[in-house]
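All of these numbers come straight from a predicted model, not from anything done at the bench. Reckoned from all heavy atoms, side chains included, excluding hydrogens, waters and symmetry mates. Both counts, for ligands and for their atoms, begin at 1 and track the order of listing.
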Amino acid sequence: MGAFKNKDIISISELSNKDIVKVLETAKKLEKSPKPRLLLGKVLATLFFEPSTRTRLSFESSMNRLGGRVLGFADAKVSSASKGETIHDTIKVVEKYSDVIVIRHPLEGAARVAAEATKKPVINAGDGANQHPTQTLLDLYTIKKTQGRVSKLKVAMVGDLKYGRTVHSLANALGRFDCEFFFVSPDSLKMPDEILDELKEMGVKYSEHKLVEDVVKKVDILYSTRIQRERFPDEEEYNKVKNIYILKEDLFKGVKKNLKILHPLPRVNEIEVEVDNTKYAHYFEQAGNGVPVRQALLGLVLGKLK
Ligand code: CP
């Protein structure tokens with residue numbers, strides 16, 4: 001049995017470096033040699049209790065491209081969660097209808113609760129401000145493709161480091177590959193202490209900054225993030241920081257030749273559209289990489305790839 005068969009993908013920290021490399025290599029093979037019948041007869045349930053474009057549609061595309069089928073509700077408001085059904089009960093039912101479950105939920109820990117309710121594999125598509133492990137895997141895939149490696153890189157993470165689950169997961173993963181971090185945020189949106197403590201324990205080098213200009217010429221990757229309006233308890237606090245970092249073309253004069261700008265998307269106005277036409281912009285390619293990476297995960301957790 002492959003080590004991935006029936007594995008839940010809840011937090012990136014539960015995947016070893018070897019597991020991560022396995023997913024990236026499997027994605028590369030699937031991109032080169034598609035397997036349109038691999039998951040024939042298998043059903044994916046997508047339970048999205050928060051909005052999504054990329055994660056949901058790339059999981060659906062992945063399942064369809066592997067010959068499997070997808071079910072899910074169009075909007076959480078039309079599911080029985082709106083009548084008060086718990087995550088546990090929802091999963092106990094959905095496991096009867098499907099072979100693998102992908103869940104996104106506003107509550108931190110929701111994916112873990114879902115995984116504990118079933119023996120079927122559960123994949124976390126984002127739980128509140130906590131983790132987004134499949135985004136991290138596609139970020140790593142993009143970094144490997146565009147930089148030739150994921151190790152020993154200098155990485156700036158810019159924007160909402162407090163509520164941004166993508167940067168929480170990515171810091172853990174890249175930290176394990178000996179990368180150095182430059183965290184750029186206002187005081188109110190700094191990287192949480194538990195993530196910084198984890199990096200300290202791992203012996204990872206990092207520094208904190210307020211201005212992108214102070215770090216942009218030093219780094220190989222600039223990972224921009226949206227200010228997560230939906231997580232602010234107070235609209236006034238959001239308004240104070242909503243436009244704090246807007247990346248403009250001028251900023252990229254004199255940067256390293258290999259600089260890549262990544263962003264998990266959606267962007268609101270963190271990156272001006274003119275930047276899209278520069279050689280540094282790779283965020284749309286990054287979103288596209290969600291398909292081979294999520295295909296790899298589905299094939300592995302369903303035991304159809306080893
Ligand atoms: N990156 C990401 O999670 O995008 P969606 O919210 O559109 O799924």
Exercise. Is it true that E50 lies under 4.0 Å from ligand 1, counting heavy atoms only?
Worked result: no
Exercise. Any sub-3.5 Å donor-acceptor pair from T225's side-chain atoms to D160's backbone N or O?
Worked result: yes
Exercise. Distance-only, no hydrogens or angles: does the S61 side chain make a donor-acceptor pair with backbone N or O of L57 under 3.5 Å?
Worked result: no
Problem set entry | Minimum-distance protein heavy atom relative to atom 4 (O) of ligand 1 | R54 NE, 3.0 Å
Exercise. Can you tell me which residue and heavy atom of the protein come closest to atom 7 (O) of ligand 1, and the distance to 0.1 Å?
Worked result: T53 N, 2.8 Å
Problem set entry | R294 to F59 six-membered ring, cation-pi geometry met (6.0 Å, 45°) | yes
Problem set entry | Per-atom contacts of ligand 1 with T55, taking only distances under 4.0 Å to non-hydrogen atoms | 2 (C), 3 (O), 4 (O), 5 (P), 8 (O)
Problem set entry | Close-contact set for ligand 1 against L265 heavy atoms, below 4.0 Å | 1 (N), 2 (C), 4 (O)
Exercise. Can you tell me if NZ on K256 sees more than 12 non-hydrogen neighbours from other groups inside 6.0 Å?
Worked result: yes
Exercise. When you measure from atom 6 (O) of ligand 1 to each heavy atom in R56, Q286, R104, which option holds the nearest one?
Worked result: R104
For this session: Using a strict cut-off of less than 4.0 Å between a Lys/Arg side-chain nitrogen and an Asp/Glu carboxylate oxygen, indicate whether R165 and E108 qualify as a salt bridge.
Result: no
Problem set entry | Short N-O contact, K152 and D178, less than 4.0 angstrom | yes
Exercise. Under 3.5 Å between some N or O of ligand 1 and some N or O of P266?
Worked result: no
